[in-house]
Amino acid sequence: MVQVFALVIGGIFLLFGGIVLSRAGELDDRSETIGELASASDEPVEPGGEATISGPVHVLESASPTRTGPEPNGGESAALWAWRVRQKENTGNGSRWRTAESELAIGEFAVDQGWDRVRVDATTLATDADGDPFDSPGLFLGDPETESYLGDLDPVNRFLERTGLASEDGVVSDLEFNVSVGGKTTMPDKYQATVVRDGDELVVRGELIETADGYALRGTDETPLAIATGSLEEQREQVRSAVRLRRAAGGVFVGVGLLVAVLAVL
């Protein structure tokens, strides 16, 4: 009986290790894509295949998000408006931030590449109601550029947030001084957003076609559309760090699982 129990425990460790390593592989693919976008050539593009273009955005019709947050985000036209509401919840072993609501609002826009203006068909990037645009495989936005709390912080948590200790990447991000009831905490929700506006620099990869109105870039099954903004090198380093961490954690889980299984058999 003890041997069977030990094998089950070992199997659980192996399962978790496999899941973590699989996630590390997905992040590694994301890192490679960021690297490809960062090294995109500035040579003239030709229709009929995969192409990567980069340049300032020209908004043709502004995106219309269903939620814009409590603070003004400016009145300029937006090509893309990615937002989410983060909520802190108890997990039993502490607390964590999770995405409660999110949206990717897409307008009509083009990218100026040299003398060419290439229209981007970004409809394939649309996510469902539960999809977090900051985790989308086709979007590389980095960290949200704006953040606003949808309520008031108590003095202790205000201090932790201002010092960066309790931010989502902070040293004590899983700690909170509050009175909790069930799965809820007293930490207010927060609205996070990144808005790509007219004139912002954008990198886009997809299939380039020629239409009656000029060049257009679209996503296909063979060439999914990828859109990136912000510092790609910084994003790539963040993803690489996450890959290393997950590989280390996955290796530990697998190692412990194998050890428990071997000891159970002996």
Side-chain angles (χ1 to χ4, degrees), residues 26 28-66 68 73-83 102-128 131-146 193-236 239:
E26 294 174 3
D28 195 37
D29 292 340
R30 187 174 179 84
S31 174
E32 289 183 7
T33 302
I34 294 174
E36 292 170 359
L37 293 173
S39 60
S41 172
D42 292 329
E43 296 178 359
V45 295
E46 295 293 337
E50 180 180 308
T52 301
I53 62 173
S54 61
V57 171
H58 177 71
V59 178
L60 305 173
E61 182 176 338
S62 183
S64 300
T66 58
T68 59
N73 289 81
E76 300 92 347
S77 297
L80 296 172
W81 193 307
W83 67 265
S102 61
E103 180 190 20
L104 173 63
I106 303 172
E108 293 186 14
F109 62 96
V111 174
D112 291 334
Q113 162 113 347
W115 295 103
D116 298 319
R117 175 166 289 177
V118 182
R119 183 178 173 276
V120 179
D121 180 2
T123 55
T124 57
L125 285 172
T127 58
D128 57 29
D132 188 332
F134 295 95
D135 291 333
S136 170
L139 277 175
F140 302 87
L141 305 175
D143 295 328
E145 64 180 17
T146 62
T194 290
V195 184
V196 178
R197 303 188 185 281
D198 198 285
D200 288 350
E201 291 290 322
L202 208 61
V203 179
V204 187
R205 185 179 69 185
E207 181 185 66
L208 186 69
I209 60 175
E210 191 168 8
T211 69
D213 298 323
Y215 288 152
L217 204 63
R218 65 181 183 181
T220 65
D221 292 338
E222 295 77 18
T223 309
L225 196 68
I227 295 181
T229 187
S231 173
L232 291 177
E233 289 303 326
E234 182 177 325
Q235 291 184 46
R236 191 180 188 188
V239 174

Any donor-acceptor N/O pair, Thr223 side chain to Gly206 backbone, under 3.5 Å |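 Flag not set: sc Thr223 to bb Gly206 has no pair under 3.5 Å.
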Closest non-hydrogen atom pair between Trp81 and Pro65, with its separation:
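For Trp81 versus Pro65, the nearest heavy atoms are CD2-CG, 3.5 Å.
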Inset, instruction - Starting at CH2 of Trp83, measure out to CZ of Phe134 and round the result to the nearest 0.5 Å. - result: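 It is 10.5 Å, given to the nearest 0.5 Å.
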| task | Grab the two heavy atoms, one from Leu104 and one from Ala82, that are nearest each other, plus how far apart they are. | result |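 Taking Leu104 first and Ala82 second, the nearest heavy atoms are CD1-CB, 4.1 Å.
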Could you tell me if Thr211 and Asp213 have a donor-acceptor pair between their side chains, going purely by distance under 3.5 Å?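 Thr211 and Asp213 do not have a side-chain donor-acceptor pair below 3.5 Å.
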Q | Closest approach of Val195 to Ala78 (non-hydrogen atoms, all atoms of both residues) | A |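 Heavy atoms of Val195 and Ala78 come nearest at CG1-CB, 3.6 Å.
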Option passing side chain to side chain contact (heavy atoms under 4.5 Å, CB included) with Leu217 (candidates Ile227, Val204, Val111):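 Filter result, single survivor: Val204.
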- Query: Does the side chain of Glu201 come under 3.5 Å of the side chain of Thr229 through a donor N or O and an acceptor N or O?
  - Reply: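 No, Thr229 and Glu201 have no side-chain donor paired with an acceptor closer than 3.5 Å.
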If we ignore hydrogens and angles and just use 3.5 Å, is the side chain of Asp198 paired with the main-chain N or O of Val59 as donor and acceptor?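 Yes: the side chain of Asp198 pairs with the backbone of Val59.
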| task | Grab the two heavy atoms, one from Arg117 and one from Ala110, that are nearest each other, plus how far apart they are. | result |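 In terms of heavy atoms, the two residues are closest at CG-CB, 3.6 Å.
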**OP:** Report the distance from atom CZ of Phe109 to atom CG of Asp121, rounding to the nearest 0.5 Å.
**Re:**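 Between Phe109 CZ and Asp121 CG, I get 9.0 Å after rounding to 0.5 Å.
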Interatomic distance, Thr220 atom OG1 to Glu50 atom CD [nearest 0.5 angstrom]
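Thr220 atom OG1 to Glu50 atom CD measures 8.5 Å (nearest 0.5 Å).
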Query - 4.5 Å side-chain heavy-atom contact, Ile53 and Val203 - result: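 In short, these two side chains do not touch, never coming nearer than 4.5 Å.
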| message | Please report the interatomic distance OG(Ser62) to CD1(Ile106), rounded to the nearest 0.5 Å. | response |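 One finds 12.5 Å between OG of Ser62 and CD1 of Ile106.
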Check your understanding: Are the side chain of Thr52 and the backbone of Arg205 linked by a donor-acceptor contact shorter than 3.5 Å?
Key ->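 Side chain of Thr52 to backbone of Arg205, a donor-acceptor pair under 3.5 Å: no, none is there.
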Next item on the list: Check Leu208 against Ala51 and note the closest heavy-atom contact, atom names and distance.
Entry: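 Looking at all heavy atoms of both residues, the closest pair is CB-CB, 3.9 Å.
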Original post:
Can you name the nearest heavy-atom pair linking Ala105 to Ala63, along with the distance?
Top reply: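 Taking Ala105 first and Ala63 second, the nearest heavy atoms are O-CB, 3.5 Å.
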- Item | Rounded distance [0.5 Å steps], OH in Tyr215 versus CD1 in Ile209 |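 Answer rounded to 0.5 Å: 12.0 Å.
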Any chance you could measure Leu80, atom CG, to Leu141, atom CG, to the nearest 0.5 Å?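 Rounded to the nearest 0.5 Å, the CG-CG separation comes out at 7.5 Å.
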